[in-house]
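Notes to accompany the following structure.
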Amino acid sequence: MSTIIENFKAHYGKAPVAVSKAPGRLEILGNHTDYNEGFVLSAAVSQSTEFAIAPAQGSVCRLIDFRGNSKAEFDLNNIDHPTPRDWSNYIKGVIVQLRKRGIEIGAFDGAILSTVPLSAGMSSSAALEVSACFAFKELFGIELPKAEWARVGQGVENQYMGLQSGLLDQFSSIFGHENALILSDFRKNEVLRTISMPSDYILVVANSMVKHNLVDSEYNTRRIDCEQAAAKIKAVEPGVTTLRDVPSAMLEKHRSLLTEREYRRASHVVGEDERVFQGIEFLEKGDIQDFGRLLFESHESSIRNFENSCPELDYLVELAKSIPGCVGARLSGGGFGGISIHLVEKAAADEYCKRLATGFKTQTGKEPELIRCSIGEGASSHKL
Ligand code: GLA
């Protein structure tokens, strides 16, 4: 983190007191299952957001983002509500969430340096929230369990930004394991285990270049559909609280209770929970082809059932089926634009990326952003 420390000194004329680092994340399988208390296979990536911090006098906090050289400033006495189109909302939101937990922080000067692509589906906002959380933890000596820090970040999205997202993004950023996928249970809010990835495959992220802005999207209405479907099934199956409790046989049995749309939304979530466990079995048997097939199935279900794909994402996944070297691909994250992930043989990756870029450009006229992702470690922080 030497660059951010040097940039901080040059900008503020003083040294930072603590630094933190929080990665972006990739959802591998388990789409829209987190807020249905289900299961997700995810990974932290090596792209991360760094946060350097020093105390300041008074109540005004200054921030600089070195990626775009964009500055922000706010008064701690005036942060109850977000301001429109302001990236510092994610940091103000963290302070507001801490206050709700009875924790007050003092004024600070902060700097950010991030390599997580913005608005793409790799959770740049969660990386920013978690990096701020961990910087505050160091500077102000705040002790909270790790899962509670994830809830602080989720609280920013839910209560400050108005997006009813689950815990996946912050959770993966905090609990990620180098070179392994994590299996999270979002009823217990626990990482159940890690699963290693075959070393001769890599994850290529292909950005559809369709701006994915979940706050403006249909994310919240998808969540309502899922909750309504669960409530209708619960009326006849008292053991059911959320879609996590509904196996596909039970969903079929009660299909007539649901509207056609609720049924399709629920089928996606129930199918995703099942694919997570099938996927783990395949990975453990070393059966990468079948694991890849589940990624394709997941995407198909996004198209037909959850309707959270878009033509550009569908092109990328169609291309994946026709270019040698790829065993599976799907949209990853909220959807409605953003990224697709492609599981590709390492030896074929160069040629694969070239052909994917050419094919996508021919069909859409746009250059896709392609990122080879290594699986990184979860968030960390230290005093200097
Ligand atoms: C976004 C949300 C997550 C999760 C995914 C879909 O990334 O922030 O909580 O719901 O979409 O799986």
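Treat the numbers as computed from the prediction; the structure is a model and nothing was measured. These values consider heavy atoms only, across backbone and side chains, with no hydrogens, waters or symmetry-generated copies. Whatever order the structure lists ligands and atoms in, that order sets their numbers, starting from 1. Each residue takes its place number in the sequence, starting with 1.
Here the CG atom belonging to Leu295 is positioned 7.0 Å from the OG atom belonging to Ser298, to the nearest 0.5 angstrom.
At a threshold of 4.5 Å between non-hydrogen side-chain atoms, the residues Thr83 and Asn89 count as touching. Between Val17 and Phe108 there is no side-chain heavy-atom pair separated by less than 4.5 Å. Taking the side chain as every heavy atom from C-beta outward, Ser131 and Ile112 never approach each other to under 4.5 Å. Taking 4.5 Å as the limit, some side-chain heavy atom of Asn31 sits within range of a side-chain heavy atom of Asn308.
Looking at Lys234 and Glu227, no side-chain N of the basic residue comes within less than 4.0 Å of a carboxylate O on the acidic one, giving no salt bridge.
Residue-to-ligand polar distances keep Leu167 apart from ligand 1: every N/O pair is separated by 3.5 Å or more. Looking at ligand 1, you'll find an N or O of Asp169 within less than 3.5 Å of one of its N or O atoms. In terms of polar-atom proximity, defined here as any N/O pair under 3.5 Å, Gly333 makes no such contact with ligand 1. Checked against a 3.5 angstrom limit, the closest N/O atoms of Arg25 and ligand 1 fall inside it.
Residue pairs satisfying the ring-ring contact (aromatic ring centres under 6.0 Å, His included) criterion with at least one member in residues 285-309, sequence neighbours excluded, are listed as follows: His32-Phe306, His268-Phe306.
Each of the following atoms of ligand 1 lies closer than 4.0 Å to a heavy atom of Tyr219: 1 (C), 2 (C), 3 (C), 4 (C), 9 (O), 10 (O), 11 (O). Which parts of ligand 1 touch Ser165 is read off a 4.0 Å heavy-atom cut-off, strictly below it: atoms 2 (C), 8 (O), 9 (O). Residue Asp34 approaches ligand 1 through these ligand atoms, each under 4.0 Å from one of its heavy atoms: 3 (C), 4 (C), 9 (O), 10 (O). Ligand 1 places these atoms under 4.0 Å from at least one heavy atom of Tyr35: 10 (O). Near Gly166, the atoms of ligand 1 lying under 4.0 angstrom from a non-hydrogen atom of the residue are 9 (O).
The residue from Arg222, Glu27, Glu272 that puts a heavy atom closest to atom 6 (C) of ligand 1 is Glu27.
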